[in-house]
**Student:** 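Pasting a structure here, questions to come.
Numbers restart at 1 for each chain; the letters A, B, ... are given by sequence-line order, proteins then strands.
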Amino acid sequence: MSFLRVNNLEVTFELRSGGVQALSDVSFSLERGERLGIVGESGAGKSVAAFAILNLLSRPGRITAGEVMFEGQDLAKLTPKQMRTIRGNRIAMIFQDPMMTLNPVLTVGQQMVECLQAHRQISQKDACTIAIRKLRQVQIPSPETRMDQYPHELSGGMRQRIIIAIALLMDPVLIIADEPTTALDVTIQAEIMDLLLDLCESNNVGLILITHDLGVVSQVTEKAIVMYAGRIIEIGPTKEIINDAQHPYTQGLIKALPQQTLPGHRLNQIPGSMPSLQGIPAGCAFNPRCDFVMDICKQTLPEFTASGGCSVACHMVKVMKDQARQED
Amino acid sequence: MSDSPAQIAEQLVIPSHWQRFRDSHLLHSFKKDKVAIVSFALFVLYVLAALSAPLIAPYDPYDPAMIDIMDSEIPPQWQEKADERFILGTDSQGRDLLSTMLYGTRISLLIGVCAVMLQCLIGVLIGLTAGYFGGRIDSFLMRLADIQLSFSTMMVAIVVLAVFQAAFGAELYADLAIFMLILVIGIAEWPQYARTVRATVLSEKHKEYVDAARVMGFKSRRIMWTHILPNTLSPLLVISTVQVANAIISEASLSFLGLGMPVSQP
């Protein structure tokens, strides 16, 4: 039994103009202590996936099919009360913008202590002690003073450290980090990612890292998922995906990295933009932007083809694999 | 990380509340603001005068034995025909005006503050519920607020107080006047608070810290009260200051119409 196994997850937003599928047929699994990256453009459904795992979608979105098996329980079917014992306690989440994630009117200490007391019967003093120990773990200087400070008194990097400390408070077994470094500048980004990686490794915590930064994914994660228009298009070991991307979209993403371009040249970009979820084209959602588009791409949804350690949802890859097999 | 919990606890010096207050931003900016200091001094003066009325007032307006109808309508000290005993003169029944004002301040402040607390309580409760849960609950509660708002405060107060007076007699009314005033003014003005709180909750509800609180596994009630409510406090404080003044004016006008505090009380 896997630690976390997502099966055919489907999320629909019921809008006035009809249902919109923000997530279709998403399946993946994660072992304890394993780190998974979810990559994709804005609007590909990365954050929706994270919220769906925690069963936290707010109306009009809801899980319409599939299951999220976590330690033997289907999170999609738990009651709100049962779910509360998992959120924050077993699974923690780190958000994108550290400026917004901390409550501006409560001190850091109050927020940490409150979180501890919500899940455990614990005295104020013990809670403070644990909170300070966690702040020290995320390398915050003089944590005692920080406890009495308000979020606006701290820098962005410091706040993100505090958010990580809050996520670690209950010793979760899985952390979902939704673009944890996007709002920080590059030097702090590296520090925060190193810290997160260290803490996950030393505590044997699983990590789902949602980002559009392929560099971060390749540094931190062992497994990666590439999403496009609410579907997984490529899944496999991070190394293989980065070094030998099969899906034309993933290849495009990698080519678009600034490092792939000579100085003075325009960056390579994937022409066009992702379709809105209400107007996904028939067949492969990527077909209008794909350089290798074939007739079949406009008609049928590609199925997953195994390629090395990866699975790729692309007709072209399938055709090439079939040809290779015939030649053998 | 090598520190044991006991060691950390030792290093942890929890500052006393007074110490924290002395270092706080609030006190610091207050000290720099002259207007605030003067206003605060005036406010303290009023409260002290009201609280110590029995000690400093020369007469007791509640004591009929001290009132002499022959002393009625004496002008204040600085005018002719003044009487030394009454610094600010007397009213038509011979009560010393200074004492009456001192005692009256108590009632005005009491009604003002209590009515606003009642408004605030009802308004925050309804506004928070409406804003946080949204949907039908929101529509229902806000329509209630609209209905309440469509009756002017004075009208509600006059109708309720007049009916009460007629139904239960002036004597019982005289005993309960202060509670009735608080209740009526409090209930008539709650939509002010409900609307303000709801509007602020709607804008706060979508901020990430609320999502973060949900992710931490907090209950809705806890998120509402300890996370969202403190963030709505600043507009609440602003309307509270206006509402206290409004409540006092309402009370005065009702009394003028004979529907407020009975004539026998200042």
Side-chain angles (χ1 to χ4, degrees), chain A residues 50-51 54 56 58-59 80-81 83-106 109-112 114-116 118-119 124-126 128-134 136-137 139 142-144 147-148 150-151 153 163 166-167 169-170 176 178 202, chain B residues 1-17 19-26 132-138 200-237:
Chain A
F51 277 99
L54 281 170
L56 255 184
S58 44
R59 274 177 300 170
K81 200 175 170 191
M83 203 54 221
R84 276 203 298 273
T85 62
I86 293 192
R87 279 184 211 137
N89 197 9
R90 308 290 295 161
I91 307 181
M93 186 156 172
I94 297 170
F95 287 92
Q96 177 173 353
D97 191 349
M99 307 291 161
M100 302 288 298
T101 317
L102 292 167
N103 191 334
V105 297
L106 299 177
Q110 280 170 339
Q111 302 191 38
M112 297 184 81
E114 191 194 358
C115 185
L116 279 164
H119 289 288
Q124 183 86 11
K125 197 164 181 184
D126 290 347
C128 275
T129 317
I130 296 180
I132 287 176
R133 201 182 327 146
K134 293 292 174 188
R136 201 156 285 163
Q137 265 185 32
Q139 294 156 20
S142 54
E144 292 84 0
M147 291 285 282
D148 281 325
Y150 287 92
E153 297 174 81
I163 289 163
I166 291 179
L169 268 183
M170 305 305 304
I176 301 177
D178 188 355
S202 57
Chain B
M1 264 170 269
S2 56
D3 289 9
S4 71
Q7 272 174 310
I8 296 171
E10 262 172 46
Q11 293 159 8
L12 183 67
V13 186
I14 299 168
S16 70
H17 284 286
Q19 227 170 355
R20 232 180 257 192
F21 177 69
R22 229 174 30 194
D23 296 336
S24 72
H25 183 67
L26 180 76
Y132 188 80
F133 291 109
R136 282 193 193 160
I137 301 174
D138 182 25
T200 335
V201 169
L202 283 186
S203 70
E204 293 291 326
K205 185 167 77 161
H206 296 292
K207 295 204 173 152
E208 268 190 348
Y209 70 83
V210 177
D211 280 338
R214 287 168 69 207
V215 166
M216 277 178 227
F218 293 158
K219 289 180 196 151
S220 297
R221 214 182 326 148
R222 194 189 194 104
I223 296 175
M224 273 162 69
W225 288 99
T226 61
H227 290 256
I228 299 182
L229 186 62
N231 282 295
T232 66
L233 280 187
S234 41
L236 276 191
L237 286 177

**Student:** What part of A:L102 is in contact with chain B, defined as an atom under 4.5 angstrom from a non-hydrogen atom: side chain, backbone, both or neither?
**Tutor:**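 It is the backbone, since no side chain atom gets that close.
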**Student:** What part of A:Q110 is in contact with chain B, defined as an atom under 4.5 angstrom from a non-hydrogen atom: side chain, backbone, both or neither?
**Tutor:**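 Neither the backbone nor the side chain of A:Q110 comes within 4.5 Å of chain B.
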**Student:** If I measure from the heavy atoms of chain B, does A:I163 come under 4.5 Å with its side chain, its backbone, both, or neither?
**Tutor:**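 Neither part.
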**Student:** What I'd like to find out is whether the side chain of A:Q111 reaches to under 4.5 Å of the side chain of B:M216, using heavy atoms alone.
**Tutor:** no
**Student:** Measuring from atom CG of B:D211 to atom CE of A:M100, what distance do you get when rounded to the nearest 0.5 angstrom?
**Tutor:**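 Between atom CG of B:D211 and atom CE of A:M100 there are 10.0 Å.
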**Student:** So which residue, A:I166, A:L169, A:D97, A:T85, ends up with the most heavy-atom pairs under 4.5 Å with chain B?
**Tutor:** A:D97
**Student:** Would you say A:N103 and B:K207 make side-chain contact, with heavy atoms under 4.5 Å?
**Tutor:**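 The answer is no, as the side chains (C-beta and beyond) never meet within the 4.5 Å cut-off.
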**Student:** Of all heavy-atom pairs between B:A212 and A:F95, which one has the smallest distance, and what is that distance?
**Tutor:**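 What the structure gives for the nearest pair is CA-CE1, 3.5 Å.
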**Student:** Shortest non-hydrogen contact from A:M93 to B:V215?
**Tutor:** CB-CG1, 3.2 Å
**Student:** Tell me the closest heavy-atom pair linking B:F218 and A:C115, and the distance in Å.
**Tutor:**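 Shortest heavy-atom contact: CZ-CA, 3.6 Å.
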**Student:** For the residue pair B:G217 and A:R84, what are the closest heavy atoms and their distance?
**Tutor:** O-CD, 3.2 Å
**Student:** So which atom in A:E114 and which in B:T226 form the shortest heavy-atom distance, rounded to 0.1 Å?
**Tutor:** OE2-OG1, 3.1 Å
**Student:** Which value, rounded to the nearest 0.5 Å, describes the distance between B:R214 atom CZ and A:L56 atom CG?
**Tutor:** 5.0 Å
